[in-house]
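The structure appears below as structure tokens.
Source: prediction; values computed, not measured.
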Amino acid sequence: KYDQGNLSIMVRGSAALLDTRSLKVNKFRCLDTTSLGKYSNIAYDIKKISDKHTALSTLTGFYILNEHQDIRFKYQKRTESEINKRRIYFGHEIFKVSKDDVLFYAEEFDLYHYSFSKNKLEKINTQNTGIFKEFLINNHDWTVKEQISEHEFIFISNYDKTIKYINTQ
């Protein structure tokens, strides 16, 4: 679910929103004409972060798009020189944890924090966790990472059969 009346759909080649009332589809694409472009448009997650902004994670990076799909923020982790030399699989789940804070997972176990008001991204580690400490994975196999409400999150591990619940209120 993206918001009231819209479902997010991840398809090879783009992310899309389906308006459940009109059945119209709005595709999101990162305009990239380089050889990296085909990877940049394979979306992993999409999340509404304000009335006019959307967060998008793809195989190559993390993006904040405005309502016209212009890029407000771009973090391109992968480059053309890495094609055929390494696995191109960067962006994962996105969580909106407050009006200003967005977290997203990358490359299996990494956690990043995006501040909407500062338009700034930082990688979270054990030294700078602050209020996001509970979201660190620490090389743990969380099979499922889901935001179940504005302030509730659930993590399920198939590896050691555990469930972790986080409430940020």
Does Asn26 have any side chain to side chain donor-acceptor pair (under 3.5 Å) partners at least two apart in sequence or in another chain, and if so, which?
-> Gln69
What residues, two or more places apart in sequence or in another chain, satisfy side-chain contact (heavy atoms from CB on, under 4.5 Å) together with Gln169?
-> His151, Asn167
Same apolar cluster: Ile71 and Leu17, side chain cutoff 4.5 Å = yes
Any side-chain donor near an acceptor of the partner, Ser57 and Asp45, under 3.5 Å | no
Would you check, one step at a time, whether the test side-chain contact (heavy atoms from CB on, under 4.5 Å) holds for Thr58 with Phe90?
-> CA-CA 7 Å; Thr58 73; Phe90 180 71; over 6 Å; no
Count the heavy atoms belonging to other residues, nucleotides or ligands that lie under 6.0 Å from CG of Asn119, then report whether that count exceeds 12.
-> yes
Shortest non-hydrogen separation from Gly91 to Tyr44 and the atoms involved | O-CB, 3.3 Å
In terms of hydrophobic clusters joined by side-chain contacts under 4.5 Å, are Leu103 and Phe155 together?
-> yes
Is there a path of hydrophobic side-chain contacts, each under 4.5 Å between heavy atoms of I, L, V, M, F, W or Y residues, that connects Val25 with Ile9?
-> yes
Distance-only, no hydrogens or angles: does the Lys164 side chain make a donor-acceptor pair with backbone N or O of Glu134 under 3.5 Å?
-> yes
Assert yes or no for the condition that the ring centre distance of Tyr105 to Phe135 is strictly below 6.0 Å.
-> no
Using side chain to side chain donor-acceptor pair (under 3.5 Å) as the criterion, list what pairs up with Glu150, not counting sequence neighbours.
-> none
Could you grab the distance from atom CZ of Phe116 to atom NE2 of His53, nearest 0.5 Å is fine?
-> 4.5 Å
Do we get Lys47 above Phe95's six-membered ring, with its NZ or CZ under 6.0 Å from the centre and within 45° of the axis?
-> no
Measure across Lys74 and Gln76 and return the closest heavy-atom pair with its distance rounded to 0.1 Å.
-> CE-OE1, 3.3 Å
Kindly indicate, with the supporting measurements, whether the criterion side-chain contact (heavy atoms from CB on, under 4.5 Å) is fulfilled by His113 and Leu111.
-> CA-CA 7 Å; His113 168 243; Leu111 179 64; over 6 Å; no
Between the side chain of Gln147 and the main-chain N/O of Ser149, is any donor-acceptor distance below 3.5 Å?
-> yes
Step-by-step side-chain contact (heavy atoms from CB on, under 4.5 Å) determination, Tyr114 to Lys120 = CA-CA 6 Å; Tyr114 172 75; Lys120 182 180 172 187; 6.0 Å; no
What is the distance from atom CD1 of Ile42 to atom CG of Leu59, rounded to the nearest 0.5 Å?
-> 5.0 Å
Are the side chain of Asp100 and the backbone N or O of Ser115 linked by a donor-acceptor pair below 3.5 Å?
-> no
Given the rule that I, L, V, M, F, W and Y join up when any side-chain heavy atoms are under 4.5 Å apart, are Val102 and Phe132 in one cluster?
-> no
Ignoring hydrogens and angles, tell me if any N or O in the side chain of Asp19 forms a donor-acceptor pair with the backbone of Leu23 under 3.5 Å.
-> no
Test log, rule side-chain contact (heavy atoms from CB on, under 4.5 Å), inputs Thr20 and Leu7 | CA-CA 7 Å; Thr20 58; Leu7 294 176; 3.8 Å; yes
Mind checking the NZ-CD1 spacing from Lys133 to Ile124? Nearest 0.5 Å is all I need.
-> 13.0 Å
Validate the cation-pi geometry between Arg72 and Tyr63: distance from NZ or CZ to the six-membered ring centre under 6.0 Å, angle to the ring axis within 45°.
-> no
Roughly how far, to the nearest 0.5 Å, is the CG atom of Leu121 from the NZ atom of Lys77?
-> 10.0 Å
First locate atom CD of Glu93, then atom NZ of Lys145, and finally report the distance between them rounded to the nearest 0.5 Å.
-> 4.0 Å
With hydrophobic residues grouped by side-chain heavy-atom distances under 4.5 Å, do Tyr165 and Ile156 end up in a single group?
-> yes
Measure up the Tyr75 and Tyr112 rings against each other and bin them: parallel (under 30°), tilted (30 to 60°), perpendicular (over 60°).
-> tilted
To the nearest 0.5 Å, atom CD1 of Ile64 lies from atom CG of Asp70 at 13.5 Å
